[in-house]
Amino acid sequence: MSDLGKLYRDLQQSFAARPCDLKKCGTLLAQLKIGLITAGLLVPHGEVNPKDLEIARDILEIGAFWSIRSKDIPSFDRYFSQLQTFYNDYGPVLSKSPREFPIRGLNLIRLLTQNRIADFHTTLESLPLPADSLTSNPFISHPINLERWLMEGSYSKVWNAREEAPAEEYKFFVDSLMGTIRNEIASCEETAYESLPLKDAATLLFFASQSELLAFAKQRGWQVNLTEGTITFSRKGEEKAEIPKEKLIAANLQYARELEQIV
């Protein structure tokens, strides 16, 4: 681990910088992971110096947060998977990490953004916390509340939860959830209305400014009339389908005659 000491200190400094130097962190993390593999600490087995394990865990935890800040979800998945050995297998012999539950909470919200509700509940039940203390941990109660509000359809509460996030990284996933929610609301609007006032559409879609709404409308292919202050919803691929009554009657009669012949 002595060879990794300087890289590790550089990573800590770059990660703690404001603003965080994401590019440098990414380079250092790549180098450190190679060093961890060489030292047998990326996937540790058997008896290993606890101090070395704690340093390896800290590097991977920084990697998990760096992934979210870089908006790289597959990278976060890999770091979280690698951390399971440190949290679960070596947890009893290591000092508690203050980053463990923030990262576990991020993983829970990630499952919500991917609509993996069953995995969300399975993961929640497997947390190393008593059931009655889950809601007292802010990093865990936040995704629990989000899941409940999503199931209730209380989208305004999901929107307000962004400002109540227990860590800055949580806001990334809340924004992702709101993107999914907006698309669902937009699909309902397109079905239920021919047009809406701009102000009403912005309120329904939780947009704080008209420019955000206009950008979203452009993505959806909606027609915007700024003079009248309305949005007209496009109904792509929708065609009035006429029911071929005569053909259906003829087909039913033919089917009935064939049944009589069988009997």
Side-chain angles (χ1 to χ4, degrees), residues 1 4-5 7-9 11-12 15-16 20 25-26 28-70 72-114 116-147 165-173:
M1 289 296 293
L4 302 178
L7 289 175
Y8 174 50
R9 289 190 293 273
L11 176 64
Q12 290 178 307
F15 184 71
C20 176
C25 283
L28 290 169
L29 282 165
Q31 295 173 334
L32 282 163
K33 287 186 76 172
I34 293 172
L36 292 178
I37 293 171
T38 304
L41 291 170
L42 188 64
V43 185
H45 296 285
E47 293 291 332
V48 185
N49 187 328
K51 291 298 181 183
D52 289 347
L53 288 175
E54 289 175 4
I55 291 174
R57 181 187 64 187
D58 193 44
I59 291 169
L60 295 176
E61 287 176 336
I62 290 175
F65 281 114
W66 169 82
S67 299
I68 300 301
R69 294 181 185 184
S70 301
D72 188 342
I73 304 307
S75 175
F76 173 79
D77 292 349
R78 290 191 294 272
Y79 278 109
F80 183 77
S81 178
Q82 290 161 350
L83 281 166
Q84 295 315 292
T85 298
F86 297 86
Y87 290 157
N88 301 328
D89 300 339
Y90 289 94
V93 300
L94 301 180
S95 62
K96 284 295 180 182
S97 168
R99 292 190 177 116
E100 177 179 351
F101 284 101
I103 289 174
R104 287 187 182 276
L106 284 169
N107 180 60
L108 286 170
I109 301 183
R110 174 187 66 88
L111 295 174
L112 288 180
T113 63
Q114 296 173 348
R116 294 165 58 184
I117 305 302
D119 290 338
F120 174 89
H121 287 286
T122 300
T123 303
L124 190 62
E125 291 169 4
S126 67
L127 290 177
L129 280 174
D132 57 357
S133 67
L134 290 176
T135 54
S136 63
N137 185 309
F139 302 105
I140 304 303
S141 63
H142 192 264
I144 288 175
N145 289 334
L146 285 175
E147 191 269 343
E168 191 68 23
E169 289 80 9
Y170 279 56
K171 294 181 180 180
F172 168 74
F173 282 122

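Each residue takes its place number in the sequence, starting with 1. Since we're looking at a predicted model, the values are computed, not measured.
Each of Phe76, Phe65, Trp66 was evaluated against Glu169; a single residue qualifies, Phe65, per the side-chain contact (heavy atoms from CB on, under 4.5 Å) test.
Contact record, His142 with Ala165: NE2-CA, 3.7 Å, taken as the closest heavy-atom pair. Contact record, Ser136 with Ser133: OG-O, 2.7 Å, taken as the closest heavy-atom pair. Considering all non-hydrogen atoms of both residues, Leu4 and Gly35 come closest at CD2-CA, 3.6 Å. The shortest non-hydrogen separation linking Ser75 to Ser67 is OG-OG, 2.7 Å. Smallest separation of non-hydrogen atoms from Pro128 and Glu100: CG-OE2, 4.1 Å.
By the 6.0 Å and 45° rule, Lys96 does not stack over the aromatic ring of Phe101.
Between Glu147 and Leu124, the closest side-chain pair of non-hydrogen atoms is not below 4.5 Å. For the pair Tyr79/Ile68, no side-chain contact is recorded, criterion being any heavy-atom separation below 4.5 Å from C-beta on. When side chains are defined from C-beta on, Phe86 does not count as touching Leu41, because their heavy atoms never get closer than 4.5 Å. Arg57 has its side chain within reach of Tyr87: a pair of non-hydrogen atoms, C-beta onward, lies under 4.5 Å apart. Side-chain contact between Phe80 and Asp77: absent, with no pair of heavy atoms (C-beta onward) separated by less than 4.5 Å.
Separating the CG atom in Leu29 from the CD1 atom in Ile34 is a distance of 11.5 Å, to the nearest 0.5 Å. Between atom SG of residue Cys25 and atom CD of residue Gln12 there is a gap of 10.5 Å, rounded to the nearest 0.5 Å. Taking CG of Leu112 as the reference point, atom CZ of Phe173 lies at 10.0 Å (rounded to 0.5 Å). Distance check, rounded to the nearest 0.5 Å: CZ of Arg116 to CG of Leu108 gives 11.0 Å. The CD1 atom of Ile109 sits 15.0 Å away from the CZ atom of Arg104 when rounded to the nearest 0.5 Å. Rounded to the nearest 0.5 angstrom, Leu127 CG and Asn137 CG are separated by 8.5 Å.
A distance-only check finds a donor-acceptor pair linking the side chain of Tyr170 to the backbone of Pro102 [under 3.5 Å]. Panel note: side chain Asn145, backbone Ser141; a donor-acceptor pair is recorded below 3.5 Å.
Between Arg110 and Asn107, the side chains place a donor N or O and an acceptor N or O closer than 3.5 Å (distance only, hydrogens not considered). Judged by distance alone, the side chains of Gln82 and Arg78 never bring a donor and an acceptor atom under 3.5 Å apart.
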Q | Criterion side chain to side chain contact (heavy atoms under 4.5 Å, CB included) on Ile62 and Arg99, from CA distance to verdict | A | CA-CA 9 Å; Ile62 290 175; Arg99 292 190 177 116; 3.8 Å; yes

Q | Residue pair Leu106, Phe172: steps toward the side chain to side chain contact (heavy atoms under 4.5 Å, CB included) verdict | A | CA-CA 10 Å; Leu106 284 169; Phe172 168 74; over 6 Å; no

